[in-house]
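Reviewing the structure listed below.
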Amino acid sequence: MVELEHPACEICGATAPDPVAARTDLLFGGDTVYTICRCGGCGVLYQHPRPTEATIGQLYPHDTSYPSYRRDVAVEPLLRRLDRRYGLAKRCRLVTRHVQAGHLLDVGCATGDFLSEMRRQPGWSVMGIEPSPTAGRYAHDQVGLTVVAGTLNDAAFADASFDAVTMWDVLEHVYKPREVIAEAARILRPGGVLVVNHPNTASLDRRIFTRLWVGYELPRHLYLYPPELLRQIMAEYGLREVERVCFYGSHAAAVDSLIYLVEQRIGRGWASRILRKILRSLPVRVAAVPYFTLTDRLGLGSNVTAVFARKP
Ligand SMILES: [Zn+2]
């Protein structure tokens, strides 16, 4: 049984936030309605009430039905594999643009697909940390990665022991973002970078799809950060924003939101599955490139990635 709690904002301590969007779990079903609110104190969006930390695990299936826990790229069909490798290579380039070589930690590495691409980069050694035992074991046993089981704040890495720390779709899931950011800052060497990808509250998709925007991902997303607010929070921990970019996942996110919209009308079934296949097909994706290139360039993509350098 999932228990709900009514926390204060972890960013600023304010209480009594204003509801922004409410919906059921659109990924796995159920009747419980979850609500995302806006903090009147700092402007962060957070789930309120929210599942307790002790019970939220029930809302994550520990198999490959959760998108982040899907199998690694090596076992997928060729076209999808090339497509994902392309996206992963872009992520690697974002890191190596700021730090050319060193030791990298991927927080929430899931089945290790980013790390398996990153370790191919010359001069890099990599490791991951992952709370899901199934995903972490897969990354270790099948992909051959060094993976610590658990969460960043339990791992107790040495001060300044990494040149880069990455968090792909992680910070929106954590209960105590300030503790996680402080810990990332502590384990980074001066000049090292923290790369954070998260749902873009300034995105066009959020305005278009409102409560059905995939970025809300209720009830698993706990905090959503307006990009400017995240920049301010990071600065409090000596992390200076050096780049912010929308550079991948925009098409896939828009399709997911659109499918949620269609399923509200016609329900979930073969029709929505076929539509999803069509919308994700190569011709549609190619046709949509100009639109998503433009919206990404304008910083309006559904996901945004920011790079923060630890001050010397
Ligand atoms: Zn707040």
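Order of listing sets the numbers, starting from 1, for every ligand and every atom in it. Here, residue 1 is the first one in the sequence, and each next residue gets the next number.
- Ion pairing between a basic and an acidic side chain is recognised when a charged N comes within 4.0 Å of a carboxylate O; Arg178 and Glu236 show such pairing.
- Counting only protein N, O or S atoms closer than 2.8 Å to the Zn ion (ligand 1) gives 4.
- Aromatic rings from Phe209 and Tyr260 are positioned such that their centres are separated by 6.0 Å or more.
- Every side-chain contact (heavy atoms from CB on, under 4.5 Å) that Val262 has, sequence neighbours left out, goes to Ile266, Leu275.
- Remark: Asp106 engages Thr166 in a side-chain hydrogen bond (donor to acceptor under 3.5 Å, both in side chains) (not counting sequence neighbours).
- Remark: the Gln47 side chain and the His221 side chain contain no N/O donor-acceptor pair separated by less than 3.5 Å.
- Counting only residues at least two apart or in different chains, side-chain hydrogen bond (donor to acceptor under 3.5 Å, both in side chains) contacts with residues 288-302 comprise Trp213-Ser302, Ser250-Asp296.
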